[in-house]
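The structure displayed is predicted, hence computed values, not measured ones. Along the sequence shown, residues carry numbers from 1.
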Amino acid sequence: MSTEENNKGNYGADNIQALEGLEAVRKRPGMYIGSTDTKGLHHLVWEVVDNSIDEHLAGYCDAIDVIIHKDNSITVKDNGRGIPTGMHQKLQKSALEVVMTVLHAGGKFDKDTYKVSGGLHGVGVSCVNALSSYLRAEVHREGKVFEQEYATGIPQGPVKEIGTSERTGTTVTFLPDASIFESTVYEFDILAKRFKELAYLNKGLTLTLIDERNFDEETQAFRHTTYHSEGGLLEFVEYLDSSRTALLEKPIHIIGKEDNVEVEVAMSYNTGYQENIFSFVNNINTREGGTHVAGFRRALTRVFKQYGDDNGLFTKAKVNISSDDFREGLTAIVSVKVPEPQFKGQTKGELGNSEVTGIVSRAVGDVLKFFLEENPGQAKKVVEKVILAATARQAAEKAREMVQRKSVLTGGGLPGKLSDCSSKDPAISEVYLVEGDSAGGTAKQGRDRNFQAILPLRGKILNVEKAMEHKIYENEEIKNIFTALGVSIQDRDGERILNMEKLRYHKVVIMCDADVDGSHITTLILTFFFRYMKPLIEQGYLYIAAPPLYRVSKGKEFRYCWNDEERKDAIEQYSKGKEDNSVKTQRYKGLGEMNAEQLWETTMDPTTRLMRRVNIEDAIEADHTFSMLMGDEVAPRREFIEENAKYAKIDI
Ligand code: 0RA
């Protein structure tokens, strides 16, 4: 019997069930893909790509190509085994149709292989199908090519055999349903960022992204990028630390397996003071950590403490070492593959499986112990750094206490430079961090003093990437930020926690000049918040003000413009297309060129201003950007700026 015959007149109970399943997805898309905004839109791609990654994990696929077409439809092509096309015995139709139309069918029930799909993303390609106004699946398998087309998940015909082929693989092309998604425009950068991460997490796999919406005349090619890593996590760590000075000759690489849980860790130390641990479970980023990260930390503390004690290194230094001190200047990636992961936490970004802690701890402990014994020279460097960290931490504690004690002694202790607002309700209060005393003065005159406070910051605040922690707390401008905001940093078992209970403003707005210097200072302030007040960003309290770039006027009429398009539009409007010398354009280079009233109506008036909320979508990339822009080494920074200048989007 041919596939075609199988499908003919097959309108049994199972078909109706499949239809009802897809209908449920269309009725409540949020339940299946989280949301229908741009995040949900990109989720469709993750879903299909995850299925291809599973083929890679099973050992059958080493290339995935993704194309963004002109109409924002997406093609995902892999060279895996291809979705099976034979008859599904129970449902009496092609397995391809089952995978594409039955919720959670997936098709792979093999417990011995790890799956990305079915994990956190995992709702199955059938969901993508249900949410696409059009989808086409093409399968190369057993020497043949098969295809089937769908609309909103409903097959538009049977699975057809359309040719012969010498390769295997699956190609899925889908057009997201515009009646379901708020936006149907794909972002190159979002896709590229995830593919880069996936390349590091799946060594040997090549991911290519092509954007057919964007043709580059110079190279006569569509915008595209390819990611591939032979070194995997080892290269990931090297990439993350590429603008820092390494302490070890080469990152330490740990691979282990116990009870079907696979562990892979790459770690290195640099001469900086930050701790950067990124973690993944089945390729999914666990932003909130979890039991795997706990296991890693436990091993680190245990092994280093033992090594230091055995060699009498800590007693000599006469400092108390806390577990934090072992992680200063550490960059690590902890990746585990768990057959049945349980995710918990607010955003389901935390691994809950308790058995994983011990497994990771043992795997890391064994290798680390061996490394220290075999490499006494490098071990000594790390131990010296740990001792330095402990000494610095104690100095920082004192400095922090000073700041906090001082704020109590001076009765509320608000900084003298702060022009506070009258409101004491944080929910409606805003504070503007303004570069320079003169712009601060203008802002003070222009503000609505009922709910807007102004804190001028003088000169460039400390470059926090390079400074030691106690220096941070001794810096006048930074102390002012802490006291003005009403937040403090507290120690809990050697871990630093930001206490925001007394936060005085729910909008903290960075306001700098719209020129190169201003954007540099914005980056510096952002770095500071990223490093020391991350929860404030995560809660959505940090903003960047957007002063206009131009003022176009004719006589008494004028318009503010935030970009060149608006400027052209305004000139056009006033000159009505004719040459008109009375149309004037003023370019604002700094806040200082605006008077108080102008600053209010363009930048501070909540009913008219433009403001950008700062979010750290991706701490990995943000961290890298910060350290690259601020770090010691010039080459990667230049490279970064050049690379990004082309698309004019250094968005931090
Ligand atoms: C069901 C079973 C098998 C593979 C797949 C589905 C599969 C799905 C997708 C989605 C995109 N690319 C894909 N590649 C494969 C196992 C196949 C076998 O046992 O031969």
Side-chain angles (χ1 to χ4, degrees), residues 37-38 41 68-72 178 182-190 192 211-223 432 434-435 439 442-443 446 509-523 526 543-614 640-652:
D37 56 13
T38 177
L41 182 75
I68 313 171
H69 300 289
K70 258 206 148 72
D71 61 354
N72 277 289
E182 289 154 37
S183 157
T184 49
V185 181
Y186 276 101
E187 279 188 47
F188 186 91
D189 291 342
I190 293 181
D211 188 348
E212 293 182 347
R213 303 167 304 181
N214 206 327
F215 188 72
D216 186 4
E217 292 294 337
E218 211 173 294
T219 57
Q220 289 290 303
F222 291 120
R223 184 179 184 189
Y432 281 76
V434 188
E435 166 202 357
T442 316
V509 189
I510 303 169
M511 186 157 76
C512 294
D513 288 343
D515 62 1
V516 178
D517 260 5
S519 88
H520 190 183
I521 293 168
T522 302
T523 307
L526 271 179
Y543 295 82
I544 297 175
L549 294 180
Y550 307 100
R551 182 176 189 268
V552 177
S553 62
K554 181 187 160 115
K556 277 196 180 133
E557 281 185 291
F558 63 87
R559 258 176 71 181
Y560 296 108
C561 306
W562 274 262
N563 54 46
D564 286 319
E565 208 171 297
E566 287 177 10
R567 178 180 56 99
K568 284 192 195 121
D569 196 62
I571 295 173
E572 181 83 23
Q573 181 195 342
Y574 289 142
S575 60
K576 304 204 171 64
K578 294 191 291 271
E579 183 92 4
D580 186 345
N581 289 331
S582 64
V583 178
K584 301 260 185 298
T585 304
Q586 182 189 357
R587 162 123 171 77
Y588 290 125
K589 287 191 213 71
L591 300 168
E593 293 175 31
M594 274 184 267
N595 63 33
E597 191 191 341
Q598 288 169 337
L599 191 60
W600 163 254
E601 63 188 20
T602 60
T603 314
M604 300 179 73
D605 178 356
T607 62
T608 54
R609 72 186 171 197
L610 277 178
M611 235 164 44
R612 198 152 61 82
R613 178 180 267 165
V614 177
F640 174 84
I641 291 169
E642 279 167 3
E643 193 177 305
N644 283 272
K646 194 161 157 199
Y647 301 101
K649 219 182 153 199
I650 306 179
D651 212 28
I652 35 176

What pair of heavy atoms forms the shortest contact from A178 to T184, and how long is it? CA-CG2, 3.9 Å
Applying salt bridge (Lys or Arg N to Asp or Glu O under 4.0 Å), which residue pairs with at least one partner in residues 547-567 are found, sequence neighbours left out? K554-D580, R559-D569, D564-R567
Closest non-hydrogen atoms of G518 and C512, given as atom of the first, atom of the second and distance, are O-CB, 3.5 Å
Can you check whether D211 reaches F222 side chain to side chain, under 4.5 Å on heavy atoms? no
So which heavy atom on P547 is nearest to which on T603, and how close? CA-OG1, 3.5 Å
N/O donor-acceptor pair under 3.5 Å between T608 side chain and E601 backbone: yes
Contact summary for P606 and W600, nearest pair of heavy atoms: CD-CH2, 3.9 Å
Counterpart residues, side chain to side chain contact (heavy atoms under 4.5 Å, CB included), relative to E579 (two or more places apart): N581
Would you find a donor on one side and an acceptor on the other, under 3.5 Å apart, between the side chain of Y186 and the backbone of L41? yes
If you look at every heavy atom in I544 and L526, which pair is closest and at what distance? CD1-CD1, 4.0 Å
To the nearest 0.5 Å, what is the distance between CD (E187) and CD1 (I68)? 9.5 Å
Can you tell me which residue pairs pass the side-chain hydrogen bond (donor to acceptor under 3.5 Å, both in side chains) test with a partner in residues 583-598, sequence neighbours excluded? none
Drop me the distance from K576's NZ to I571's CD1, to the nearest 0.5 angstrom. 14.0 Å
If you draw the axis of the six-membered ring of Y543, does the NZ or CZ of R612 fall within 45° of it and under 6.0 Å from the ring centre? no
Which residue pairs satisfy the ring pair (Phe, Tyr, Trp, His ring centres under 6.0 Å) criterion with at least one member in residues 544-569, sequence neighbours excluded? F558-Y560
Contacts of type side chain to side chain contact (heavy atoms under 4.5 Å, CB included), residue D513, not counting sequence neighbours: E435, D515, L591
Using the side-chain contact (heavy atoms from CB on, under 4.5 Å) rule, take R609 and T602 through it: C-alpha gap first, then chi angles, then the decisive distance, then the call. CA-CA 5 Å; R609 72 186 171 197; T602 60; over 6 Å; no
Euclidean distance, H69 NE2 relative to E212 CD, rounded to 0.5 Å: 5.5 Å
With sequence neighbours left out, what residues match E572 under side chain to side chain donor-acceptor pair (under 3.5 Å)? none
Just verifying a value: how many Å separate M511 CE and T522 OG1, rounded to the nearest 0.5 Å? 11.0 Å
For M594 and T442, which heavy atoms make the closest approach, and how far apart are they? O-CG2, 3.5 Å
Just so I know, are the side chains of V552 and C561 near enough to count as touching, which here means a heavy-atom distance under 4.5 Å? yes
